[in-house]
Structure formats: structure tokens, C-alpha cells
2 protein chains.
Amino acid sequence: MASTANQQTPCPEETPSDAVLRSFLGYMLKRTYLTARPLALAGMTQFDLRVPSFSCLSLIVENPGIAPSVLAECLKMERSNIVVVIDELESRDLIIRQRSKTDRRRYELTATVLGRHVHDQSVEEVRRQEERLFAGMTEEERAQIFKLLSKIESSAPD
Amino acid sequence: MASTANQQTPCPEETPSDAVLRSFLGYMLKRTYLTARPLALAGMTQFDLRVPSFSCLSLIVENPGIAPSVLAECLKMERSNIVVVIDELESRDLIIRQRSKTDRRRYELTATVLGRHVHDQSVEEVRRQEERLFAGMTEEERAQIFKLLSKIESSAPD
DNA sequence: TATTGTTATACTCTATAACTATA
DNA sequence: TATAGTTATAGAGTATAACAATA
């Protein structure tokens, strides 16, 4: 049974137990992401980037000519939401949007020099911030967490 | 450098690289959580629970008499947002809300018999769903991922 | 003066439906 | 007919500010 732990404990004033929740991977993932996100945000907001715009910019830098729909699929975002991010990145001259000549429905997204610069700088800054997460962890543990997260992610049906 | 990988690659049609993003723990955590959440949701929506209500109910079951403010702190949610969840749980007769006799500003939250039943059932169901995430993982790896996530979480300043 | 619960509100991210232009 | 991009809109989750009651 899940809830028979300390049902009789009178009134946990300031030290409640979340043992049941902590036995769920989803809960632990959310808590850990909640720890990591503010650090990542601190690194990217210096460049007026949020998580979606940072991710999109990074993919565009790494994959010149990528189409919005491919971007959406890769980031598991809706195309409709990608458009807004693309619009912003373009208006800030971080990327350019060109019609594909082979398929005129598509756009080819490419980072500008400024975009690559902002990307590289923000990547460096987010990296620096994230370093704090690994305090007291060995190189082996560090590699292990990435390996295990990949393994879990690849268990997805889709 | 972060973005010097395949800048010359012409146009990645359907297989873009997100190697840079994957080197960030935050990105991997988000992707993994994105894999885990639908499964957890599938387990709890059967009982008309979402992540916040499921978490609150679990903490109340495990900590009878817990106050909303303690709940908020433990789940790292705002008190103002806890209220809405509490309201719903109470209106569904899953919990009761009683004024504390020692501090009349506080409420003491307790799960009803129905609440404990719904909790236990949903915990069981979410557990069953999450099992799928661990496909192909050894018991050791399973324990390791929890250990490493805890370690990272505890690196938080707060 | 500080804290607890509360309300109202705004913001971010995400999801859905419908449209257009191209294929 | 199917797909890419787009628009508008709604929803969930979260964050902020102000307030009344109580300490």
C-alpha cells in the first residue's frame, strides 16, 4: 500500500514527508528540472532569450536551412507555436527566413552572424550556470545521468 | 566552440542534430520529463486528477493536518495557486479543511476516506504507467537515476 | 510588524481549430 | 488530397500584488 506510512502522525509542522511522490520518476524529474531551469534561464535571459527561443536558435545554428516544421518535430513543439518564436528571432535579426526553391511551401531558416554570436555566447553562459548543478559529482556520475536520461527518453512509444 | 560542428551541412531535411542542446542537463531533463508526464497523466486523469492536484492530495494523505503554506513550500508552488487546488479537492470531498485551534490563521488539511482511496488507487495506476519508462533498465540503473536526480536537486541554493 | 489564506490578474508555455498557398 | 506555414484562441501552470484576519 502506498499511503499507510505515517497516517497517524499528528501534524507535521514544517517537515512534511513526500516519500510517496519521490518514488515517482516523474516527480523527481520535475523537481530536478525545477532546480536546473532557473540557472539555465539566468544564463539566457542576459541575451533576451527564453527556453523556446534559445532552443530554436540553437537548432537553427546547428542545422542551417532547417524548416520550421522540422524544428517543431525535433523540439516536440507545435508548428503554430514555433512560428511565434521564429518571428521574434527574425525580427531581432538573429536568423533569416528564405523560401525554399524546391518546395515553395517551406522556409529555410539560417542564423545570421549576429545570431551565431548570440548563440555561442549564451551557450557558454548557460553552460557556466549549469556547472553548479554538478557540484560534488564525479565525472562518471555526470556521464551516467546523461546516459540514463537518454535511455528513459528513448523508451517513449513515439 | 559550441556552434562549429556542422555549419556547412546544406539542409538537414528530416534528421537535424540537437547535439549542442543535448549537452545541457536542463534540456535532457525537460525531454525526459516530457516523456514521463503523459504516462503519469494517463494514470491520474482516470481519477480526475492533474499533476498539481495529485501531488497535493498525496502530501495531504501522507501528512494529515498539513497547512496550505507548508504544502506550498514543499511543492515549490505559490500559496495563491495552492488555494485553488485545495478548493477543488475539498469540493470533491477528497479532503477536509479545519481551522487550527492553536493558530487561527492556519488550516489543517486532512484526507477523507474517499480521498485516501482515490489517492491509493491513482498512485497504483501512475506506478503501473511509469513502469514502462524503465523498460530495458536494470534494478541498479533504476536506483541510480533516482540517486543522481536527488543529488542534483540538493545542489540547489535554496 | 509578520504570517496565513485569499482574490484578482498577468504572463509563459502549450494545445486546437481553421485558414492559405503550395505540392 | 496532403503538407507547410500561419492566425486566432483557449487552456494549464505559474508568478505577482494587494488585502483581511490573525499572530
Side-chain angles (χ1 to χ4, degrees), chain A residues 11 13-14 26-27 29-31 33-35 37-38 40-41 44-45 48-56 60 65-91 95-109, chain B residues 11 13-14 16 26-27 29-31 33-35 37-38 40-41 44-45 48-56 60 65-91 95-109 158:
Chain A
C11 177
E13 192 63 24
E14 294 299 335
Y27 183 72
L29 286 171
K30 182 167 189 180
R31 289 195 73 96
Y33 180 64
L34 222 66
T35 303
R37 204 182 56 142
L41 277 176
M44 56 186 75
T45 48
D48 284 305
L49 293 171
R50 313 269 313 170
V51 171
S53 45
F54 177 83
S55 311
C56 284
I60 295 168
I66 192 172
S69 59
V70 178
L71 208 52
E73 191 191 26
C74 180
L75 290 175
K76 298 185 190 302
M77 287 176 64
E78 292 298 320
R79 276 174 303 152
S80 57
N81 295 324
I82 288 284
V83 174
V84 189
V85 178
I86 296 299
D87 282 347
E88 191 212 324
L89 292 176
E90 190 190 30
S91 73
I95 65 166
I96 57 170
R97 164 154 50 180
Q98 289 173 300
R99 280 278 179 201
S100 163
K101 283 168 183 165
T102 59
D103 184 343
R104 291 186 43 75
R105 290 172 304 182
R106 290 204 163 202
Y107 278 114
E108 292 173 356
L109 307 173
Chain B
C11 177
E13 193 64 21
E14 294 297 335
Y27 183 72
L29 285 170
K30 183 168 189 178
R31 288 193 75 95
Y33 180 64
L34 222 67
T35 303
R37 204 182 57 142
L41 276 176
M44 56 186 76
T45 47
D48 284 306
L49 292 171
R50 313 269 312 169
V51 171
S53 45
F54 176 82
S55 310
C56 282
I60 295 168
I66 192 173
S69 60
V70 178
L71 207 52
E73 191 191 27
C74 180
L75 290 175
K76 299 188 189 303
M77 288 177 62
E78 293 299 321
R79 274 174 303 149
S80 56
N81 295 324
I82 287 285
V83 174
V84 189
V85 178
I86 295 300
D87 282 347
E88 192 211 322
L89 292 176
E90 189 190 30
S91 74
I95 64 166
I96 56 170
R97 166 154 49 180
Q98 289 174 299
R99 279 279 179 199
S100 162
K101 284 169 182 165
T102 59
D103 183 343
R104 290 186 42 75
R105 289 173 304 182
R106 291 202 160 200
Y107 278 114
E108 292 173 354
L109 307 173
D158 170 53

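Reminder, nothing fancy here: chain letters follow the sequence lines and each chain counts from 1.
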* With a 4.5 Å limit on heavy-atom distance, are the side chains of B:Asn81 and B:Pro52 in contact? -> no

* To do: Would you mind reading off the distance between B:Gln98 atom CD and C:dT4 atom C1', rounded to a whole angstrom?
  => 17 Å

* For atom CZ of A:Phe54 and atom P of C:dC13, their distance in whole Å -> 14 Å

* Find out whether B:Tyr107 and B:Gln98 are in side-chain contact, i.e. whether some heavy atom of one side chain is under 4.5 Å from a heavy atom of the other. => no

* **Whole-Å distance separating the CG atom of B:Leu71 from the P atom of C:dG5** => 9 Å

* Asked: Would a 4.5 Å heavy-atom cut-off, applied to side chains only, mark A:Met44 and A:Ser53 as touching?
  -> no

* Any donor and acceptor pair, going by atom type alone, linking the side chain of A:Arg99 with main-chain N or O of A:Arg104 inside 3.5 Å? -> yes

* Quick one: are B:Lys76 and A:Arg31 in side-chain contact, heavy atoms under 4.5 Å? -> yes

* Asked: Under a 4.5 Å cut-off applied to non-hydrogen side-chain atoms, are A:Ile60 and A:Arg97 in contact?
  -> no

* N/O donor-acceptor pair under 3.5 Å between B:Thr45 side chain and B:Leu41 backbone -> yes

* Asked: Is there a side-chain contact between A:Leu109 and A:Leu89 (heavy atoms, below 4.5 Å)?
  -> no

Polar pairs (N or O, both sides) under 3.5 Å between protein and nucleotides 18-23 of chain C?
{"from": "C:dA23", "atom 1": "OP1", "to": "A:Arg104", "atom 2": "N", "distance (Å)": "3.0"}

* To do: Measure the distance from CG on A:Leu109 to C1' on D:dT6 and round it to the nearest whole Å.
  => 14 Å

Restricting both atoms to N or O, compile the protein contacts to nucleotides 10-17 of chain D shorter than 3.5 Å, with distance only.
{"from": "D:dA12", "atom 1": "O3'", "to": "B:Arg50", "atom 2": "NH2", "distance (Å)": "3.2"}
{"from": "D:dT14", "atom 1": "OP1", "to": "A:Lys30", "atom 2": "NZ", "distance (Å)": "3.1"}
{"from": "D:dA15", "atom 1": "N7", "to": "B:Asn81", "atom 2": "ND2", "distance (Å)": "2.9"}
{"from": "D:dA15", "atom 1": "N6", "to": "B:Asn81", "atom 2": "OD1", "distance (Å)": "3.0"}
{"from": "D:dT16", "atom 1": "O4", "to": "B:Ser80", "atom 2": "OG", "distance (Å)": "2.6"}

* Could you give the CD1-to-C1' distance, from A:Ile86 to D:dT6, as a whole number of Å? -> 13 Å

* Asked: Can you check the A:Arg106 CZ to D:dA2 P distance for me, whole Å?
  -> 18 Å

* Using whole Å, report how far OH of B:Tyr33 lies from P of C:dC13. => 16 Å

* Does the side-chain contact (heavy atoms from CB on, under 4.5 Å) test come out yes or no for A:Asp48 and A:Glu88, once each step is laid out? -> CA-CA 11 Å; A:Asp48 284 305; A:Glu88 191 212 324; 5.7 Å; no

* Just how far, in rounded Å, is C1' of D:dT7 from CD of A:Glu88? -> 18 Å

